[in-house]
There are 2 protein chains.
Amino acid sequence: MERRKTQSTEEILSTLKDTDFALSHKMIQQRLSIEVDRATIYRVLNRFLEDGIVHRVISENGKQYFALCEDCERNDHHHNHFHFRCNKCGKVECLAREVDIQLPAGYTAENINSLVTGICASCR
Amino acid sequence: MERRKTQSTEEILSTLKDTDFALSHKMIQQRLSIEVDRATIYRVLNRFLEDGIVHRVISENGKQYFALCEDCERNDHHHNHFHFRCNKCGKVECLAREVDIQLPAGYTAENINSLVTGICASCR
DNA sequence: TTTATTATTGCAACACAGTCGCAATAATAT
DNA sequence: ATATTATTGCGACTGTGTTGCAATAATAAA
Ligand SMILES: [Mn+2]
Ligand SMILES: [Mn+2]
Ligand SMILES: [Zn+2]
Ligand SMILES: [Zn+2]
């Protein structure tokens, strides 16, 4: 189960590093300098997820967006921040503000997905 | 563009009324006492959305869930509440707690989709 | 360096959610 | 009873994401 350093993984990783917002699978594919199969991109991203290198947001358009983890460690993640998708430029940003989860008694949280859509500052 | 009262719309509406949590298209189909085509269910739900009768949540499983609007009026909606999806029973509930959106300067909100997953009280 | 091991890839096929065009049906108005 | 047209069912389609399998290539061992 060891991980191998391949051209695909390196390319995808550096694409994520070069971008300050979250990317969908398709956005990633378009930014790659080499051609990588769709399935491979998904597999690489899912491996990154497992390894805690990236986190994933689901937008209300049904798509998955991936962004590098900032201050996460392997087993201590904190992705309880808001996300914002601009309806004009399509960018999905990680916002600084955290979501404070206050669930009813007896409820346990495992994952949070908070996304606000609207118009971003650059598009306004 | 007037709306007609049909067996399908009545059935779907009463199904939503009978349930205190949000339903996916498939859950609705299974609860109907008559057979209604998939496409029709989607069209009815989208009409309900337009009319402000229901609101929609997107889960991180990529599916849409629909729930009756509680205190909404045609043009004054407030669906900025949290939702919770139980990983065991699959129920998607509307939580009472509201999401307070504080966006960066220059950002405008149009829609909010906040969903927490985990285990609900009945399943724990 | 050569060989063996196996993680990763590409391709095709698949599953599934949601949408759409179109002709048939049925709810409402006349 | 007739006309109008919103709604339906069906099939076809789109798009996202996953999976099986054989081929490829990264790493370890010889
Ligand atoms: Mn984020
Ligand atoms: Mn709700
Ligand atoms: Zn924008
Ligand atoms: Zn539950």
Side-chain angles (χ1 to χ4, degrees), chain A residues 1-16 22-67 83 85 87 90 92 111 113 115 117, chain B residues 1-16 22-51 53-67 83 85 90 92 111 113 115 117:
Chain A
M1 268 271 199
E2 100 251 12
R3 297 270 125 106
R4 295 185 180 175
K5 184 179 278 192
T6 71
Q7 221 183 339
S8 301
T9 57
E10 292 300 292
E11 275 282 332
I12 295 174
L13 188 58
S14 79
T15 301
L16 288 169
L23 296 172
S24 70
H25 131 262
K26 193 155 254 173
M27 294 163 115
I28 292 174
Q29 196 171 40
Q30 290 167 345
R31 283 156 196 266
L32 293 177
S33 60
I34 54 171
E35 283 213 350
V36 181
D37 189 76
R38 255 175 63 237
T40 301
I41 297 181
Y42 280 117
R43 282 191 275 229
V44 168
L45 290 170
N46 286 333
R47 254 179 278 148
F48 284 173
L49 264 185
E50 280 178 32
D51 296 348
I53 297 174
V54 300
H55 67 283
R56 175 175 51 190
V57 204
I58 313 294
S59 171
E60 17 62 275
N61 61 14
K63 290 187 198 159
Q64 306 181 346
Y65 290 80
F66 298 86
H83 294 86
R85 191 172 67 89
N87 285 327
V92 174
N111 192 33
N113 196 76
L115 187 127
T117 57
Chain B
M1 269 265 199
E2 99 251 13
R3 297 269 125 104
R4 294 184 180 176
K5 183 179 277 191
T6 71
Q7 223 182 339
S8 301
T9 56
E10 293 300 292
E11 275 282 331
I12 295 174
L13 188 58
S14 78
T15 300
L16 290 168
L23 296 171
S24 70
H25 130 263
K26 193 157 255 174
M27 294 163 116
I28 292 174
Q29 196 171 39
Q30 289 167 345
R31 282 157 197 265
L32 293 177
S33 58
I34 53 172
E35 284 213 349
V36 180
D37 188 76
R38 253 173 64 239
T40 301
I41 297 181
Y42 280 118
R43 281 192 275 229
V44 169
L45 290 170
N46 285 333
R47 253 179 279 148
F48 284 174
L49 265 185
E50 281 178 32
D51 297 347
I53 297 173
V54 300
H55 67 283
R56 175 175 52 190
V57 203
I58 313 294
S59 172
E60 16 62 275
N61 60 14
K63 291 186 199 160
Q64 306 181 346
Y65 290 80
F66 298 85
H83 294 87
R85 192 171 67 87
V92 173
N111 193 31
N113 196 75
L115 187 126
T117 57

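Letters go in sequence order (proteins before strands), and every chain restarts at 1.
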Please tell me which of the listed nucleotides, [options], lies nearest to the side chain of [X]?
| X | options | result |
| --- | --- | --- |
| B/Arg3 | C/dT19, C/dT9, D/dT7 | D/dT7 |
| B/Glu2 | D/dT8, D/dA25, D/dA6 | D/dA6 |
| A/Thr40 | D/dT8, D/dT4, C/dG10 | C/dG10 |
| B/His25 | C/dT8, D/dA6, C/dG18 | C/dG18 |
| A/Asp37 | C/dA17, D/dT27, C/dC11 | C/dC11 |
| A/Lys26 | D/dT16, C/dG18, D/dT19 | D/dT16 |
| A/Arg4 | C/dT5, C/dA26, C/dT9 | C/dT5 |

Whole angstrom value for the distance that separates [atom2] of [N] from [atom1] of [X]:
| X | N | atom1 | atom2 | answer |
| --- | --- | --- | --- | --- |
| B/Ile41 | D/dC10 | CD1 | C1' | 14 Å |
| B/Glu10 | C/dA26 | CD | P | 17 Å |
| B/Asn46 | C/dT19 | CG | C1' | 9 Å |
| A/Tyr42 | D/dG20 | OH | C1' | 18 Å |
| A/Glu11 | C/dG10 | CD | P | 12 Å |
| B/Gln29 | C/dA17 | CD | P | 10 Å |
| B/Lys63 | D/dG17 | NZ | P | 15 Å |
| A/Gln64 | D/dT18 | CD | C1' | 10 Å |

With heavy-atom distances below 4.5 Å as the criterion, would you say the side chains of [X] and [Y] are in contact?
| X | Y | value |
| --- | --- | --- |
| A/Gln29 | A/Arg38 | yes |
| A/Ile58 | A/Lys63 | no |
| B/Thr40 | B/Val44 | yes |

- prompt: A/Val36 or B/Thr6: which one's nearest nucleotide on DNA chain C is closer to the 5' end?
  reply: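 It is A/Val36, whose closest nucleotide lies nearer the 5' terminus.
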First of A/Lys5 and B/Ile58 reached from the 5' end of DNA chain C, by closest nucleotide: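 Residue closer to the 5' terminus by nearest nucleotide: A/Lys5.
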message: Can you confirm whether the side chains of A/Ser33 and A/Glu11 place a donor and an acceptor under 3.5 Å from each other?
response: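 A/Glu11 and A/Ser33 do have a side-chain donor-acceptor pair below 3.5 Å.
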- prompt: Taking atom types as modelled, is there a side-chain donor on A/Arg85 or A/Thr117 under 3.5 Å from an acceptor on the other?
  reply: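 Their side chains do not contain a donor-acceptor pair, so the 3.5 Å distance test is not met.
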task: Mind running ring pair (Phe, Tyr, Trp, His ring centres under 6.0 Å) on A/His55 and A/Phe66 for me, showing each step along the way?
output: CA-CA 6 Å; A/His55 67 283; A/Phe66 298 86; 9.3 Å; no
- request: Select base, sugar-phosphate, or nothing to describe what B/Glu35 touches, counting heavy atoms under 4.0 Å on all strands.
  value: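 Counting heavy atoms under 4.0 Å across all strands, the contact made by B/Glu35 is with sugar-phosphate only.
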- prompt: Which is true for B/Ser8 with a 4.0 Å heavy-atom rule: it touches a base, it touches only sugar-phosphate, or it touches nothing?
  reply: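 Sugar-phosphate only.
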Quiz item: A/Arg43 side-chain donor-acceptor pair to D/dG17 base, under 3.5 Å: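 Flag unset: no donor-acceptor pair detected.
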task: Test for a donor-acceptor pair under 3.5 Å between the base of D/dG17 and the side chain of A/Arg38, counting only N and O atoms.
output: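 Present.
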